[in-house]
Structure formats: C-alpha cells, structure tokens
Amino acid sequence: MTANWKRQFSIIYAGQAFSLLGSAAVQFAVIWWLTIQTESAITLTVASIVSFLPNMLIGPFAGVWIDRYNRRTVMIAADGLVALSSVLLGAAFLLLETPPVWFIYIILFIRGLGNTFHGPAMQAAIPMLVPPEMLTKVGGWGNLVNSISTMLGPVLGAALMGFLPIASIMLVDILGAAFAIVCLLFVAIPDIPQTAEKPDFRSDFKQGFATMRKNKPLMAALLPLILATVVYMPLGALFPLLVRTHFMGEAWHNSVVELVFSAGLLVSSLVMGVWGGMRRRFLMVSLAIGLLGLTAAISGALPQSGFWIFVICCFFMGSSGTFFNVPLMAYIQQSTPPEMMGKVFSLLMTAMTLAMPIGLLVAGPVCEMVGVDTWFFGSGIVMIVAGILCRLLTRRYDAETMLPTAADS
C-alpha cells in the first residue's frame with residue numbers, strides 16, 4: 001500500500017472525470033443523431049443492446065486478462081480503445097456525412113468493449129492503493145465523480161450539438177481519454193503476483209469462478225442481488241412512460257425527474273464519501289434494496305395527481321443505488337485476493353448486465369397488459385422481498401463482513 005494513496009487516487013479520478021464527461025457527451029450526441037436520422041424505437045433499442053453486448057459476451061472472461069496484466073496498462077488500453085472509436089466515427093462523419101447505421105453499431109460495440117475491461121480493472125486497482133478501512137469512503141467519492149460526469153455529459157453533448165457539427169464533438173471524447181491516459185502515467189499501480197506457470201486461460205477462469213464461489217457472504221447475497229437487478233433495470237427506461245401516461249406530464253416534467261434522480265446519486269455519494277457507511281455492510285445493502293423497492297412501490301401506487309410525491313421518490317431511488325453499490329464493491333475489494341479481483345468483478349458485472357435484457361424483455365409486455373404504474377408497484381414489492389431475503393441470507397456473516405476501522409489495520 002503506497003503512503004501517498006490520496007494523491008494517486010485523486011490523479012486517477014481527475015483523469016476519469018474528464019474521460020467520463022467526454023464519453024457521456026459523445027454517447028448522447030450519437031444516440032440523438034440516431035434518433036433524428038431514423039425516428040425508430042427499434043434502432044435505439046438495438047443500439048442500447050449493442051453497447052452492452054461486449055459485457056454479455058466476453059465480460060466473464062475479461063477478468064482473466066485484467067488479472068494477467070498491470071491494471072494501469074489495462075485501463076490505458078481501454079481508454080485508448082474508446083478514443084479510437086471516436087476517431088473512427090469522427091472520420092466517418094467527415095467523409096460520409098451520414099454514416100450507415102450498421103457502422104454506428106460497430107462503434108458502439110467498440111466503446112462497449114473498452115468499458116467491459118475498464119470498469120473491472122478500475123475496481124480491481126483501487127484496493128491496491130487504498131487502505132481497507134477507507135474503501136467505502138473512497139467508493140463514495142468515486143461514485144460522486146462518476147455521477148457528476150454522467151449527469152453533465154448529456155448537457156454538454158446537447159450544448160455542443162447546438163453549434164458544432166457532430167464530427168467535431170468527437171474531439172471532446174478524444175481529449176478526455178487522452179487526459180485520462182496522461183493522468184494514469186503519473187500513477188504507480190503494483191503488478192499482480194503471478195506464478196511461474198505458463199498462462200492458461202481456462203484454468204485462470206476456473207480459478208476466478210472458484211474464488212467467487214468460496215466467498216460465502218457474496219454468494220449468499222447473489223440471488224437477491226440478481227432478483228433486484230432484473231426488476232430494477234427497466235425502471236430507468238420506463239420513467240418517461242410513467243411521467244407521460246400516468247402523471248400526464250410534459251417534457252419538462254421528465255427533465256425534473258431525471259435531475260432529481262441524479263441529485264439523489266450526487267447527495268448520497270457525498271454522504272458516503274464523508275460518512276463511510278454502516279459497519280454492517282450487508283445490512284446496508286439489504287436496507288438500500290428495501291428503500292429502492294419501497295419508493296418504487298409508492299411511485300406505482302400514486303394517483304395521477306401525485307407527480308411531486310413521485311419526484312421525491314426519485315430522489316430516494318437515486319440515493320439507494322449508491323447506498324447499495326458502494327458498500328458491496330468495497331467488501332469485494334477487501335475480501336478478494338488481488339490476483340483474482342479482476343475475474344470476480346468481471347463475473348459479477350456480467351451477471352448484473354445479463355439481468356438488464358431479461359428485465360426489459362419481461363417489463364415491455366407486462367406494461368402493455370397491466371400498465372406501467374402497476375409494473376412500478378409490482379417491481380417495488382419484489383425488491384422489498386429481495387431486500388428482506390438478502391438480510392436473512394447474509395446476517396450470519398455480519399462479523400466477517402464488518403467494515404474495518406483504522407485500528408483494525
């Protein structure tokens with residue numbers, strides 16, 4: 001553990017803030033361009049699926065490479081790949097003016113590929129720099145940076161599209177990725193301990209899966225986590241539909257909902273950065289799932305005149321995501337050997353990613369039959385049950401999963 005970990009952490013996240021901001025701006029610009037060009041819901045749905053496809057296909061195996069190479073090298077390569085996709089797309093807009101939709105899909109796939117490696121590598125690198133008792137607080141600050149960049153990215157993208165051609169907007173992503181890479185060059189992330197044996201991909205994958213299975217608290221929470229994810233993931237896509245068809249809202253009503261949800265993410269991230277969270281981390285995860293379920297159920301049960309109560313619920317829905325994610329990630333970072341961390345994070349993120357299309361495929365027909373408000377209410381009940389189940393299955397592990405203090409180190 002390096003003595004100047006705060007400086008190294010700050011440098012990493014300064015670079016990532018600009019990289020995430022540029023990526024979010026370009027992602028918004030590309031999706032909006034597709035919307036204008038095609039006016040097709042199917043096109044946008046396919047674009048969303050293509051973006052997550054790399055994680056679905058190779059996510060479980062990405063951790064093998066992440067744990068075979070220096071995490072800084074993997075993050076630099078991933079940032080470089082995303083920047084390359086923007087170079088290719090910018091060139092296509094300059095040369096063709098209107099690139100074919102299939103080419104846009106390829107670019108989105110490449111960007112998704114970079115993110116598939118970058119996310120787990122980042123999560124696996126942090127505990128190599130940060131003391132165990134600070135992982136939850138650091139997770140809160142990292143989540144704050146991610147939330148701000150993700151929230152401001154679409155605003156920046158929309159503003160730039162007002163006076164710049166879309167090819168020029170690609171420069172924002174390229175410059176952001178370049179800055180992130182330069183920042184990483186000033187950070188020293190230790191190499192992962194390796195055996196002298198010849199690399200064996202299949203063996204490495206089995207070792208990562210076995211490591212995850214041996215983590216009994218994580219495996220106890222896995223079923224309720226996946227259950228909650230399946231019903232939670234469609235909610236974000238259904239917010240506009242609930243606002244429009246149930247609360248009879250206009251575009252500005254939906255903007256308020258998105259802004260307040262993001263505010264919940266920001267405030268909760270700030271709280272976690274200062275507070276550090278409950279010592280019983282899986283109790284906090286369970287309560288966060290329950291809070292998310294309660295606010296979703298209330299949202300679905302509201303009458304048409306209850307829009308502003310729904311807005312308040314959106315704040316707590318945004319907050320609950322942080323209170324759920326940060327302690328869970330911190331526990332995995334603390335409890336997993338460094339040489340296995342990339343594999344475990346890749347497997348977990350893939351499981352959560354696979355839950356998204358399952359939830360969307362179920363939510364669409366159900367909403368058509370019973371209404372989007374009923375889906376919100378039913379999803380909330382399922383998440384409350386998942387939160388209770390998570391607590392029942394993990395309470396026996398409270399002592400071994402307790403948040404460490406500085407005195408424990």
Practice task
Could you tell me whether the side chain of W5 and the main chain of L129 form a donor-acceptor pair under 3.5 Å?
Solution key: no
Practice task
Please report the closest heavy-atom contact between I298 and C313, naming both atoms and the distance.
Solution key: CG2-SG, 3.7 Å
Practice task
Check whether any side-chain N or O of R281 sits under 3.5 Å from a backbone N or O of P327 as a donor-acceptor pair, and report yes or no.
Solution key: no
Fill in the blank from the handout: Note: R111 and S85 closest approach over all heavy atoms is CG-OG, 3.1 Å
Problem - F9 vs W141, ring pair (Phe, Tyr, Trp, His ring centres under 6.0 Å): CA-CA, chis, key distance, verdict - result: CA-CA 10 Å; F9 174 80; W141 289 114; 8.9 Å; no
Fill in the blank from the handout: For A177 and S19 the tightest heavy-atom approach is CA-OG, 4.1 Å
Practice task
Decide side chain to side chain contact (heavy atoms under 4.5 Å, CB included) for V50 and I104; before the verdict, give the C-alpha distance in whole Å, the side-chain angles of both, and the deciding distance to 0.1 Å.
Solution key: CA-CA 10 Å; V50 165; I104 304 295; over 6 Å; no
Practice task
Determine whether L222 and L348 make a side-chain contact, defined as any pair of heavy atoms from C-beta on separated by less than 4.5 Å.
Solution key: yes
Exercise for the section: Check S286 against T394 and note the closest heavy-atom contact, atom names and distance. Expected result: OG-OG1, 4.3 Å
Problem - S299 backbone acceptor or donor facing H246 side chain under 3.5 Å - result: no
Practice task
For ring pair (Phe, Tyr, Trp, His ring centres under 6.0 Å), just list the numbers for Y397 and F282, CA-CA rounded to whole Å, side-chain angles, deciding distance to a tenth of an Å, and then say yes or no.
Solution key: CA-CA 9 Å; Y397 303 110; F282 277 97; 8.1 Å; no
Practice task
Taking side chain to side chain donor-acceptor pair (under 3.5 Å) as the test, write out the residues that go with T336, two or more places apart.
Solution key: none
Problem - Closest approach of T322 to S269 (non-hydrogen atoms, all atoms of both residues) - result: OG1-OG, 3.6 Å
Exercise for the section: For residues Q8 and F186, report the shortest heavy-atom separation together with the two atoms involved. Expected result: OE1-O, 4.4 Å
Completion exercise
Applying side chain to side chain contact (heavy atoms under 4.5 Å, CB included) to L20 and not counting sequence neighbours gives N146, S149
Exercise for the section: Could you tell me whether the side chain of S379 and the main chain of Y232 form a donor-acceptor pair under 3.5 Å? Expected result: no
Practice task
Look at the side chain of S168 and the backbone N and O of L164, then say whether any donor-acceptor pair between them is shorter than 3.5 Å.
Solution key: no
Practice task
Please tell me if the side chains of L242 and F310 come closer than 4.5 Å, counting only heavy atoms from C-beta onward.
Solution key: yes
Practice task
Check for a donor-acceptor pair, side chain of N70 on one end and backbone N or O of I189 on the other, with a separation under 3.5 Å.
Solution key: yes
Problem - Mutual orientation of the aromatic rings belonging to W275 and F323 [parallel < 30°, tilted 30-60°, perpendicular > 60°] - result: perpendicular
